[in-house]
Amino acid sequence: MLSISEALQHMLGQLSLRMTDEQIPLSAAVDRILAADVISELDIPAYNNSAMDGYGLVVNEVETKTRLHTFEVIGEALAGHPFQGKIKRGQAIRIMTGAAVPEEVNAVVPIEDTSLDSHTREMTVLNSFKIGQHIRRRGEELSQGARVFARGHQIRPVDVGLLASLGIATLNVYKPLTVALFSTGDELVQPGQPRRSDQIFDSNRFVLHAMLERAGFNVLNLGLIPDNEMEIADAFVAAASRADAIVCSGGVSVGDADYTKQVIEKMGNVGFWKVAMKPGKPFAFGQVNGSWFFGLPGNPVSATVTLQQLALPALYKLAGKLSTPPLLIHAVAGEPLKKRPGRADFQRGVLKTKDGINQVFSAGPQGSGMLSSICHANCLIRLSNEQGSVQPGEKVTVEILQAPYF
Ligand code: AMP
Ligand code: MG
């Protein structure tokens with residue numbers, strides 16, 4: 001059996017793809033992968049501006065310490081409407097958030113810390129303050145020429161905002177990876193179709209399709225293929241001619257009707273691995289007619305977890321994405337967790353944080369056919385090969401499963 005890291009190393013060492021890039025508008029950039037570094041052509045902020053609604057002052061150090069110092073208010077600066085005149089010591093302008101701070105102004109005092117005499121236009125500062133306060137300095141966030149994002153970065157919603165703030169309207173990204181997907185199995189029926197009593201609905205294709213799409217790939221859904229050598233072979237030929245990679249679930253084990261395996265053994269250069277992980281174990285990787293192939297086990301939890309742990313890192317590499325290792329945290333087991341030494345477990349768990357302590361519980365029965373165990377989970381409890389059962393109170397490693405919000 002291969003360990004998970006050996007399996008990943010094998011794949012990542014072999015994978016390569018000649019990628020093409022394209023120019024796209026910023027509004028279409030979310031989930032796309034940068035084909036070139038993005039360099040800032042601007043300082044951000046581009047000009048000194050106020051961080052508060054208040055008064056911009058010309059002061060010396062002594063005046064910051066004396067309370068109740070009075071200034072003559074000579075004008076106003078609004079966002080988009082700078083103050084045009086000159087300001088001398090002892091004078092102030094009203095200034096609003098985002099307005100340009102004139103060269104000579106060296107502090108902004110928030111409105112709440114002042115009082116204005118509307119007859120004399122004299123403003124009194126009620127509290128002590130610091131030179132330089134509440135001024136957002138040109139270039140303090142990013143300076144012109146700085147690398148904002150590296151090639152291989154996958155664009156998130158907040159990144160689009162940062163790029164927009166730099167005035168960038170188009171981006172150079174890789175063409176999305178096309179991944180062909182199909183299910184195999186005579187017992188499978190498409191939801192919505194009549195089901196015989198000895199059949200089950202095809203669920204893997206729905207999960208895998210959604211996961212691949214969310215990862216940013218272009219999914220070519222080739223449907224449900226029966227356990228028939230000719231039809232499986234045809235599906236592979238069609239998939240390889242149109243896709244960079246093929247993902248299928250089921251049929252890669254050693255059962256009598258595992259035709260996928262038999263077909264690929266004739267057509268491709270594929271390794272059938274036993275990976276020391278649970279759920280999972282059977283996993284196939286290689287090339288079929290020039291397309292990269294990932295054969296996932298048929299059991300729904302195994303298919304999902306092997307896609308996430310093994311196939312996705314490989315597909316991301318093909319797509320040109322920089323690798324992002326999972327974020328792992330420690331948690332205390334809130335109840336006993338059954339485990340046999342020998343394989344690395346990815347148990348579906350429910351993580352709760354209370355009073356700063358992370359506690360993790362089992363998400364329910366852990367059978368590799370029970371998809372509900374993932375539906376009710378918010379984390380994977382990662383238990384190493386050699387580890388045995390876990391007692392309540394023991395420390396375990398947890399991988400958080402969260403939807404990407406930003
Ligand atoms: P296999 O890997 O083909 O031996 O399948 C292992 C188990 O997973 C069997 O119980 C199959 O019925 C089930 N299975 C295979 N493919 C799917 C699928 N697409 N949706 C749901 N269950 C599946
Ligand atoms: Mg099967």
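Quick note: numbers below take in every heavy atom, side chains included, and nothing from hydrogens, waters or symmetry partners. Whatever order the structure lists ligands and atoms in, that order sets their numbers, starting from 1. In this text, all values refer to a predicted model and were calculated from it rather than measured experimentally.
- Contact of the Cys379 side chain with the Val350 side chain is not registered, since no non-hydrogen atoms from C-beta on lie closer than 4.5 Å.
- Contact of the Lys278 side chain with the Phe346 side chain is not registered, since no non-hydrogen atoms from C-beta on lie closer than 4.5 Å.
- For Phe236 and Phe182, the ring centers are positioned less than 6.0 Å apart.
- Ring centroids of Tyr316 and Phe217 are separated by less than 6.0 Å, placing the two rings close together.
- For Phe285 and Phe294, the distance between ring centers is under 6.0 angstrom.
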Which protein N or O atoms sit under 3.5 Å from any N or O of ligand 1? Give each pair with its distance.
from, atom 1, to, atom 2, distance (Å)
ligand 1, 2 (O), Gly251, N, 3.4
ligand 1, 2 (O), Gly298, N, 3.1
ligand 1, 3 (O), Gly251, N, 2.9
ligand 1, 8 (O), Gly298, O, 3.2
ligand 1, 8 (O), Asn299, N, 3.1
ligand 1, 12 (O), Glu187, OE2, 2.5
ligand 1, 14 (N), Gly298, O, 3.3
ligand 1, 19 (N), Asp202, OD1, 2.8
ligand 1, 19 (N), Asn204, ND2, 3.4
ligand 1, 20 (N), Ser203, N, 3.1
ligand 1, 20 (N), Asn204, N, 3.3

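- His134 meets the ring pair (Phe, Tyr, Trp, His ring centres under 6.0 Å) test with no other residue; sequence neighbours excluded.
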